Amino acid sequence: MNLKKLTTAFLAFATTATAVGCSGKKNSGSENAGILNVSPRSIVFEWQSLYEQKLNEFMSSDKFSEVAQKGLEESRFDIFDLNNDGTPELFISANNDHKTQCEIFTISDGQVVSAGIIGEYGAFTYYPDFRLINDEYSGTGFVVGKFISFDGKTLTDYFSYSDNSGSASKGASIKHEINGQSLSLPEYDEAMEMYRNARTISIGRKYTFGTASIDYALHCSESWGAVLTPTEKALFKEQLTSNLAVANELGKDASFEFCDITGDDVPELIISEGTSTGDLCRIYYISNNVLLELEGEYGYKGKLNYDNEQLVFYTSGADSGNACWSITNNNISSFNVSRSHMECGRKYILNAENIDASMN
C-alpha cells in the first residue's frame, strides 16, 4: 500500500493538528477462500436494542453533554463483557471530571438494570485476569482501595486494602491492612503482589454518543468473531500469536482489537505495543488471502482514535503533534473530528486466552 504524506491542519474540537494521509484502499478480504463475509450488522442480540434505548434515554437527560465544556470532555460510553457470560455490560460516563463515576448497566429478565456506579474521571480500572474491578484512592502518603467482583447482576466487594507507608517520614503510625486486618509489610506485599503485577484495561469512555459510533458499538464491535471467515481467523491468530511472543520477550503490555477502519464490514487488526509514550499501534489488513501490515507508524501511548463517520483514524496529544490518516481515499486536508469517534487498540490484553476468545 502506497502512503502519501501531506502537511495540513485539522480541527478536533478546537485542537489544531498536523495531518498525514495514506492514499489508496485495501483490497477487501470479503471473498477469502471462496467464503463470503457476513456483515456484523446481520448478527442480532437481545441486548443491542435494549442498550440503544438506554443510550437514547441518557441523551435526553440533563447529565448528557454532547460536546466538551467547562474544561471537561463530552459524555461517552463503553460496552464490555465483565463476567464473560456472553452478554456485555453497558457503561455510561457523563464526563471525565475527577469525581464522576461510571454507571454499569446489565440485562436482567429482558430489562436494562443498573448494577451500580464505580470509578473516577468517568472510568474505572479492570483486571481481566481476575475479572475484578479496582476502586482506589491515593492521597499524600497513603492509598485506600478495594477490589470488586461482578456476577452479572450485582457488584460485590471482594477485598479491601490500605497502606500509609508513604507517611513514615511524617512520623505517622504505619499500618498495612487487608480487609481491616493489620499485616506486616512483607505479608501485605505478598498479598498484593499478584495484583500489582497484573495488567489492566480502562473501561467507561471508549465511544462518543454520535450516531455512527453508537451504531458501530452496538452492531459491530461485539460481532467480529461471529463473522470472520476461517481463513481470516487463521491469519489473524497467527499474527497475534507472533506479536504475543515478541511482547513477552520484551516485557511489553501489549493489547489488541478488531476495528473496521475502512467501513467495508471486514475488520482490521490493531495491535498496541503498550502504554508508554513511545508505544505505537500496528495495523494489519487482509488482501487476497494474505495478512499485510499497513506501512507507517501510528498511535500515541498505544492508542488510536477513530472517526466512525468519516473513516479517519488519528492521534491527539502526541509529543510530536497530532496526526490523521485514511485508507479509503477520503480527503483529509480539512478533516474535522465528527461527533462519532472512539478509542481503539486496547480492548483486549494480548494473551493466548483472549486470542482464542476474540475469534468466537
Side-chain angles (χ1 to χ4, degrees), residues 1 26-43 45 79-81 84-86 88 126 128-129 131 198-201 206 216-217 219-275 279-296 298-299 302-304 306 313 327 342-360:
M1 179 173 292
K26 75 178 181 65
N27 294 323
S28 172
S30 60
E31 296 185 6
N32 287 321
I35 299 176
L36 295 177
N37 279 96
V38 177
S39 171
R41 292 176 175 81
S42 67
I43 308 298
F45 300 104
I79 294 176
F80 190 87
D81 188 354
N84 200 32
D85 66 351
Y126 181 64
D129 289 343
R131 293 180 186 162
R199 292 188 289 174
T200 64
I201 58 175
K206 186 176 182 67
Y216 180 86
H219 302 292
C220 298
S221 67
E222 304 301 307
S223 302
W224 294 123
V227 300
L228 289 171
T229 68
T231 297
E232 291 165 347
K233 289 182 179 181
L235 291 171
F236 284 139
K237 184 172 184 178
E238 181 180 9
Q239 187 63 58
L240 285 164
T241 302
S242 175
N243 282 71
L244 173 59
V246 173
N248 287 340
E249 181 178 351
L250 298 177
K252 286 284 191 176
D253 182 17
S255 296
F256 72 98
E257 179 172 357
F258 293 108
C259 185
D260 181 10
I261 60 176
T262 60
D264 63 356
D265 286 346
V266 180
E268 283 65 55
L269 170 62
I270 301 175
I271 301 180
S272 165
E273 295 177 337
T275 57
D279 288 333
L280 302 172
C281 287
R282 299 185 179 277
I283 302 175
Y284 299 88
Y285 65 98
I286 294 176
S287 178
N288 299 323
N289 298 327
V290 177
L291 187 67
L292 302 173
E293 182 177 355
L294 189 65
E295 299 176 39
Y298 308 100
K303 286 185 179 181
L304 276 175
Y306 176 61
F313 53 103
I327 53 177
M342 60 179 281
E343 287 188 349
C344 54
R346 300 200 60 81
K347 182 170 184 176
Y348 302 111
I349 287 174
L350 181 55
N351 59 33
E353 179 182 2
N354 285 337
I355 291 174
D356 289 336
S358 68
M359 305 292 178
N360 295 325

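Note that these values count all heavy atoms, side chains included, but never hydrogens, waters or copies made by symmetry. Not measured: the values here are computed from a predicted model.
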- Task: For R199, enumerate each residue passing the salt bridge (charged side-chain N to carboxylate O under 4.0 Å, His left out) test, keeping only those at least two apart in sequence or located in another chain.
- Result: D253
- d(R346 CZ, L304 CG) to nearest 0.5 Å is 11.5 Å
- Item | Distance-minimising heavy-atom pair for S39 and D265 | OG-OD2, 3.1 Å
- Query: Using 30° and 60° as the class limits, which term best fits the ring planes of Y216 and W224: parallel, tilted or perpendicular?
  - Reply: tilted
- Task: Answer yes or no: does atom CD of E238 have more than 12 heavy-atom neighbours from other residues, nucleotides or ligands under 6.0 Å?
- Result: no
- Query: Just by distance, do the side chain of N288 and the backbone of V290 share a donor-acceptor pair under 3.5 Å?
  - Reply: no
- Show your working on salt bridge (charged side-chain N to carboxylate O under 4.0 Å, His left out) between K252 and E273 and close with a plain yes or no. CA-CA 7 Å; K252 286 284 191 176; E273 295 177 337; 5.4 Å; no
- Query: Do E353 and Y348 touch side chain to side chain, with heavy atoms closer than 4.5 Å?
  - Reply: no
- Item | Side chain proximity check, K237 to D356, heavy atoms < 4.5 angstrom | yes
- What is the minimum heavy-atom distance between I43 and S223, and which atoms define it? CB-OG, 3.9 Å
- Item | Given D129, N248, L240, the one that forms side-chain contact (heavy atoms from CB on, under 4.5 Å) with N351 | D129
- Audit row: D260, T262, side-chain hydrogen bond (donor to acceptor under 3.5 Å, both in side chains) steps and yes/no: CA-CA 6 Å; D260 181 10; T262 60; 3.3 Å; yes
- Rounded distance (nearest 0.5 Å) linking atom CG of L292 with atom CD1 of I283: 13.0 Å
- Task: Look up atom CG in L291 and atom CG in N289, then write down how far apart they are to the nearest 0.5 Å.
- Result: 11.0 Å
- Item | Closest contact, heavy atoms only, I349 versus T200 | CD1-N, 4.0 Å
- Task: Could I get the full list of ring-ring contact (aromatic ring centres under 6.0 Å, His included) partners for F313, not counting sequence neighbours?
- Result: Y298, W325
- Separation of I270 CD1 from L294 CG (nearest 0.5 Å): 10.0 Å
- Residues Y285, V266; criterion side chain to side chain contact (heavy atoms under 4.5 Å, CB included); working and verdict: CA-CA 9 Å; Y285 65 98; V266 180; over 6 Å; no
- Query: If every non-hydrogen atom of G345 is compared with every non-hydrogen atom of E257, which pair is closest and at what distance?
  - Reply: N-OE1, 2.8 Å
- Message: Quick check for you: to the nearest 0.5 Å, what is the distance between F256 atom CZ and I271 atom CD1?
- Response: 8.0 Å
- Query: What's the shortest heavy-atom distance between L228 and K233, and which atoms?
  - Reply: O-CE, 3.5 Å
- Starting at CG of L235, measure out to OH of Y284 and round the result to the nearest 0.5 Å. 13.0 Å
- Message: Between the side chains of E222 and K347, is the shortest nitrogen-to-carboxylate-oxygen separation below 4.0 Å, so that they form an ion pair?
- Response: yes
- Note on the structure: Closest heavy-atom pair, C259 versus Y306, reported as atoms and distance to 0.1 Å, is SG-CD2, 4.2 Å
- N/O donor-acceptor pair under 3.5 Å between T229 side chain and E232 backbone: yes
- Message: Quick check against the 3.5 Å criterion: does S272 have a side-chain atom that pairs as donor or acceptor with the backbone of G302?
- Response: yes
- Message: So does M342 get a backbone contact from the side chain of K206, meaning a donor-acceptor N/O pair under 3.5 Å?
- Response: no
